[in-house]
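Worth saying up front: this structure is predicted, and the values here are computed from it rather than measured. We count ligands from 1, going down the list as the structure has it; atoms in each ligand are counted the same way.
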Amino acid sequence: MRKKIVAGNWKMNTLPAEGVALAQEVVAGKGTVCNCVNFIVCPPFTHLSEVARVVKGSGIALGAQNCAAEEKGAYTGEVSAAMIAALGCEYVILGHSERRQYYGETSATLNRKMAQAYAHGLTPIYCVGENLEEREAGKHFDVVKAQIEEVVYELTPEQFSKLVIAYEPVWAIGTGKTATAEQAQEIHAYIRQVLAAKFGAAAAETAILYGGSCKPGNAAELFAKEDVDGGLIGGAALKAEDFLAIGRNGFGK
Ligand code: 13P
């Protein structure tokens with residue numbers, strides 16, 4: 001049985017006190033959602049330590065939104081995988097399209113970040129997805145295939161067995177334009193096939209999340225699809241009730 005995951009990527013939103021309040025509301029409302037759902041919150045680095053205290057013992061896991069490609073040393077402004085692991089993070093989002101687009105993250109960088117994450121016991125949530133131009137040109141399958149081959153294929157089978165994938169079409173992120181459930185299923189099934197080509201039967205156990213304008217109103221339809229194992233939520237994760245409702249509508253009470 002694959003894990004059902006609803007993860008909130010807060011991006012660069014909330015001040016620390018607001019983040020603590022948001023996490024407290026999520027903890028308080030978790031009982032209204034099927035306990036089959038694994039909730040993860042990914043606040044900014046600056047709130048990790050305080051949010052860790054809020055979610056401790058609640059069954060809600062903590063993740064970071066990025067980590068450095070290096071172990072430690074003279075890398076001004078970077079935050080290492082060891083640091084976020086020490087604060088209680090279990091997960092780290094890697095390869096988000098915003099990191100690829102605005103901060104020039106390449107597969108080569110991501111290979112090193114993945115290695116750091118695993119070395120410190122973190123589970124990467126590795127993001128893939130095409131932009132609008134690529135989708136319109138019918139290249140979306142090739143784009144995600146390359147993003148997987150260049151990074152995920154470098155993992156050992158043991159590392160792969162822990163990996164979570166998020167498919168996030170760039171044209172659906174923050175735009176209000178969601179992929180249809182059929183579009184999501186089509187590419188999630190394809191992603192699983194690409195994973196299986198390298199890792200065999202283990203690919204049947206990989207949680208593949210959908211991300212991009214996922215909301216309480218579309219979660220049920222998306223998560224009902226066979227290869228959609230949950231969501232990576234941006235905007236709607238900033239309201240506890242919406243975040244929880246995505247889990248509830250998608251996977252039940
Ligand atoms: P939105 O849910 O705001 O579209 O963001 C999706 C996302 O990028 C999550 O990582």
Side-chain angles (χ1 to χ4, degrees), residues 4-14 18-19 22-23 26 37-45 47-48 51 60-67 84 89-103 105 110 113-114 117 122-132 134-135 140 143-144 147-148 151 163-181 183-184 187-188 191 207-223 228-250:
K4 301 177 192 343
I5 296 176
V6 175
N9 174 8
W10 297 3
K11 307 192 180 183
M12 196 174 73
N13 293 297
T14 71
E18 293 165 338
L22 174 55
V26 174
V37 179
N38 295 276
F39 280 108
I40 306 168
V41 290
C42 304
F45 290 133
H47 319 3
L48 285 174
V51 171
I60 293 168
L62 188 66
Q65 299 171 21
N66 184 26
C67 71
I84 60 178
C89 285
E90 290 174 58
Y91 293 88
V92 60
I93 298 171
L94 291 176
H96 193 282
S97 62
E98 288 150 17
R99 301 288 322 167
R100 295 179 190 263
Q101 198 180 337
Y102 307 140
Y103 302 97
E105 284 192 5
L110 289 166
K113 292 191 175 198
M114 291 284 247
L122 297 165
T123 294
I125 301 173
Y126 178 64
C127 304
V128 298
E130 79 287 354
N131 63 31
L132 184 60
E134 291 159 343
R135 165 70 61 167
H140 42 296
V143 169
V144 300
Q147 289 169 335
I148 290 168
V151 178
L163 184 71
V164 175
I165 301 247
Y167 167 68
E168 300 205 308
V170 178
W171 47 271
I173 296 178
T175 57
K177 199 176 160 187
T178 322
T180 64
Q183 284 172 321
I187 199 146
H188 281 227
I191 289 168
I208 306 179
L209 316 182
Y210 169 79
S213 299
C214 188
K215 298 182 277 278
N218 57 28
E221 208 190 342
L222 285 161
F223 299 176
V228 180
D229 304 309
L232 180 55
I233 320 300
L238 297 172
K239 281 197 192 135
E241 190 35 54
D242 285 356
F243 184 58
L244 293 162
I246 288 171
R248 197 160 48 234
N249 298 353

Within-shell test, Lys215 vs ligand 1, heavy atom, strictly < 4.0 Å: no

Side chain Gln65, main chain Lys11, donor-acceptor under 3.5 Å: yes

Ligand 1-proximal atoms of Ala172, by part, heavy-atom distance under 4.0 Å: backbone

Donor-acceptor contact present, side-chain Asn249 to main-chain Ala219, <3.5 Å: no

Residues forming a side chain to side chain contact (heavy atoms under 4.5 Å, CB included) with Glu221, sequence neighbours excluded: Ala181

Residue, atom name and distance, where the atom is the protein heavy atom closest to atom 2 (O) of ligand 1: Gly234 N, 2.9 Å

Note, Lys113 side chain near Asn66 side chain (heavy atom, < 4.5 Å): yes

Test of proximity, Glu98 against ligand 1: N or O pairs below 3.5 Å: no

Residue pair Leu132 / Val170, side-chain heavy-atom distance below 4.5 Å: no

Arg100 vs Leu110 side-chain heavy atoms within contact, under 4.5 Å: yes

Check: Thr123 main-chain N/O paired with Glu90 side-chain donor or acceptor under 3.5 Å: no

Under 4.0 Å to a heavy atom of Gly235 - the qualifying atoms of ligand 1, by number: 1 (P), 2 (O), 3 (O)

Closest protein heavy atom to atom 5 (O) of ligand 1, given as residue, atom name and distance to 0.1 Å: Lys11 NZ, 3.3 Å

For atom 9 (C) of ligand 1, closest protein heavy-atom neighbour: Glu168 OE2, 2.9 Å

Check: Thr175 N/O within less than 3.5 Å of ligand 1 N/O: no

Listed pairs under 3.5 Å, donor-acceptor, residues 231-243 side chains, sequence neighbours left out:
from, atom 1, to, atom 2, distance (Å)
Glu241, OE2, Arg248, NH2, 2.4

Per-atom contacts of ligand 1 with Asn9, taking only distances under 4.0 Å to non-hydrogen atoms: 9 (C), 10 (O)

Gly174-ligand 1 polar pair, N/O distance under 3.5 Å: yes

Heteroatom distance test (Gly212, ligand 1): nitrogen or oxygen, under 3.5 angstrom: no

Side chain, backbone, both or neither: Ile173 near ligand 1, heavy atoms under 4.0 Å: both

Any donor-acceptor N or O pair under 3.5 Å, side chains Glu130, Trp171: yes

Which of the ligand 1 atoms, numbered from 1, are nearer than 4.0 Å to a heavy atom of Leu232: 9 (C), 10 (O)

